[in-house]
Structures are given as C-alpha cells and as structure tokens.
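For reference, the structure discussed in these notes is given below.
Below, read A as the first sequence line, B as the second, and so on, with proteins coming before strands; counting in each chain starts at 1. Remember, it's a predicted structure, so these values are computed and weren't measured experimentally.
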Protein chains: 2
Amino acid sequence: MSKNAEADQVPIRSPLTRDDSVNLDIIELLFFAYRDFTSDPDQILADDGFGRAHHRVLHFVNRMPGLNVAELLEVLQITKQSLARVLKQLIDSGHIVQLHGLRDRRQRELYPTAKGRALILALASPQSRRIRAALEEAGVAERSVIERFLKAMVNPELRTQIDNLPGAASVNHRGEQEHG
Amino acid sequence: MSKNAEADQVPIRSPLTRDDSVNLDIIELLFFAYRDFTSDPDQILADDGFGRAHHRVLHFVNRMPGLNVAELLEVLQITKQSLARVLKQLIDSGHIVQLHGLRDRRQRELYPTAKGRALILALASPQSRRIRAALEEAGVAERSVIERFLKAMVNPELRTQIDNLPGAASVNHRGEQEHG
DNA sequence: CGGAATATGTCAGCCATATTGACTTATATT
DNA sequence: AATATAAGTCAATATGGCTGACATATTCCG
C-alpha cells in the first residue's frame, strides 16, 4: 500500500523553467547562496566542536548582550530543550556567561565573554568578505536594495525582531509602518 | 577539565553593531529571510510525510528531468547514503520514476511524474509569491539585481551548477544586464 | 573473454539538531 | 499562601546528515 499503484507513472521529460508561472531562479539561487554562505564558518566552528546552532546563539548573544533565555528562544524560534545543550556547551567553553537578572532574579541574562566576542568576529569575517565581494561583483551600487529585499522576505510579524536589534538597518518598506 | 578556568569571564555589555568592521545586517537578514522562506513549503510537505530533503530532490529532478543519481548528488552536495532514503520514498510515493540510461544501463535517470510535477509547483507557489511580494515591497525595479547578488554569493567553482540548469537566469556579473 | 572500473543500492552505526511532554527549582506576583 | 513564571532537565522521537563496508549490474579495456 505504500506504493503508488496508479497507471500514470509516466516520466515527464520537460524541464520546469522560470516561465512556468513560478519564480524558480531566485528560489534556486537562495538555496545555493545560503548553502555556500553558511559553509564559511563551519570549519572554524568545528575546531571547537561546535555547529551552526552554536553560531546562531553566539551571534544573537553578541548582537543583544544581556538578553534572557526567553528572548533568545523567541528570536531563534526554537524550543528551550533545543537550546539547552548548545547553550550549556557555550557556557562551559567560556564563550558565554550568565548573570541573574537585576529586576527578576529568575531570568538569566546572557553575555558574550572576550572569547565569545572574538569567536563571533572570526565567524563573521569570511561571511562579511563574501557579501562584500558579491555586492561588488554583482555591481550593486546600493547595499540597501539587498537589505530591503531580504527584510521584505521575512514574515511581517517577525520583522520587529530585526528592528529590535541594536544598530540594525532601519530599512523602510513601502507603505508599511511598524506598530509600537 | 572542560570548563574554562580563565579569569576573564567578564561579560561584554556592548552590542556588536555593523560598525564593528563586519557586515552584520546582511548576515542576519539572510538568516531571517531564509528561515521564513523555507518555512512556506513545510506544511505542504508534512502532508505527505516529507521534509526539506525531499523538497530539494524533487526540485532538481523537476528542473533537470533525466539527470542521474551521480549528477543529483553533485548538485545537492550530499552523499548517496543521505540521498537513498529520501529518493526511495519519493519513488515509492509515485512522485519520481527511474529509467535505465540508454547509453549506460547502470545509470538511473530520474524523472518527475505528473504527481511530482504537481507537488513541486504547489511547493514553489508560496515561495514564488513571497519573492514577488518582497521585490515589490522593497521597490526592486530590476529583479536581476537580486539574481546577480545571490549568484555572486555562490562559490565560483559551483556556479557552473547553476549555469547548467535549463533556462536558468543567464545573469551576467559586473552589472551588464540583459533580460530574457 | 575476463578482470577492473564504474554506477547504484544497501546495511550498520554514529552525530547534530530539532521536536513534544513531563517534571523540578527558584523566584515573583497576587 | 497559592499561583504563575523563568529556567533547567530528563526521556523519547524524528530528520537529515555522515563514514565505512559490501553487493550487484554493467561497461570498459587489455
């Protein structure tokens, strides 16, 4: 019953192209671009026995020092059980430290150490270089074009996450305004 | 000992911003954009008990019908063992069929069925819609700007993969734009 | 022809990252 | 004092990767 018993197992020989009403070029380019983009830091991370999950945690802790666990989970959109192992390793390795919240001692504020700051800079470096090279190579005069496009790709209800990042690109959309 | 015993477990309180010599905006936007971009098809895939790995296989088989297993592995940059389970399920479910190669009967040429073609279109639809909306919302007049940038993000030695795709965007670098 | 190389498939085990659900501990709120 | 909240933890499960080893069919080559 797992097999499909229908008669029409006929192979379709025509390639799906961009003219088939869907936007395959960019779909595909996003796949390739993101794959190679994320491959840069992998070697560096492997030296510490880390993976991409560690990278993301480290990134946002560096970006918003002092954020608590709930806020981090909100940004990453994962569960606390998923975060647990990764965060524990980053703390054990001395890349991140936890402090009790001042207002609320139940909360744990997460901060990078000098080691954690150094690592995220090392990880960002090749990615940044790749982006700079791509902008130049593609002849993109205004970086904001790319920023606006990428931001517009994000689910509207999650864009506040981006806006809340310190010094984040305050890229305006057309006709969209944030709500307090 | 696994713990870092150094004295400098001092929390760094200054956020890392774009001015810290690295290109954090776009790094971050790529993370958010890709996350939401890939989330679109997940619901549809789940209906068939599939995941993103199935999506990628289905995509490239639809894009280049008749490609063989080795070629597919080359494009996806994974091992045959990783591909095996996913491909088997897509064949069992009647989304993909295999034919013996004509020149070389050892090879298996992979083709989508009508069912497979229908599914990839269903998966591409929300992604395509998202891209179209983002281009408009960001006020991107020339789609080729985005295409050039994304392509330039790909490792040079892998760009031939993109160029070999049928009807792929023949995006020139260095701003020499031409459209279909 | 016969042996080597190749394309594919498969078995087994491992790892990383995610999930859900249930429960504990410390602290805050009412 | 009771309840709610923030965080941590244990257990089980799924997905999608990986390596290594080996089987089978087919092609290539001497």
- Annotated protein contacts, base or backbone, on nucleotides 14-20 of chain D with a non-hydrogen cut-off under 4.0 Å, one of B, S, - each: -SSSBBB
- Scoring nucleotides 25-30 of chain D by protein non-hydrogen atoms under 4.0 Å (B base, S sugar-phosphate only, - none) yields BBS---
For [X], what residues pass the side-chain hydrogen bond (donor to acceptor under 3.5 Å, both in side chains) criterion, not counting sequence neighbours?
| X | value |
| --- | --- |
| Asp48(B) | none |
| His59(A) | Glu28(B) |
| Gln43(B) | Asp47(B) |
| Arg132(B) | none |

- Message: For Glu74(A), give me all partners under side-chain contact (heavy atoms from CB on, under 4.5 Å), at least two apart in sequence or on another chain.
- Response: Gln77(A), Gln161(A)
- Item | Set of side-chain contact (heavy atoms from CB on, under 4.5 Å) partners for Ala53(B), sequence neighbours left out | Val86(B)
- Contact class for Gln98(A) (heavy atom, under 4.0 Å): base, sugar-phosphate, or nothing? sugar-phosphate
- Message: Starting from Leu102(B) and following side-chain heavy-atom contacts under 4.5 Å between hydrophobic residues (I, L, V, M, F, W, Y), which residues can be reached?
- Response: none
- Task: Heavy atoms of chain A, cut-off under 4.0 Å: which first and last nucleotide of DNA chain C, 5' to 3', fall inside that, if you could look?
- Result: dA16(C) to dA28(C)
- Kindly state each residue pair satisfying ring-ring contact (aromatic ring centres under 6.0 Å, His included) with at least one member in residues 98-139 of chain A, sequence neighbours excluded. none
- Ion pair Asp163(A)/Arg159(A), N-O distance below 4.0 Å: no
- Query: Excluding sequence neighbours, so at least two apart, what forms ring pair (Phe, Tyr, Trp, His ring centres under 6.0 Å) with Phe32(A)?
  - Reply: Phe60(B)
- In whole Å, what is the span from the CD atom of Gln107(A) to the P atom of dT5(D)? 13 Å
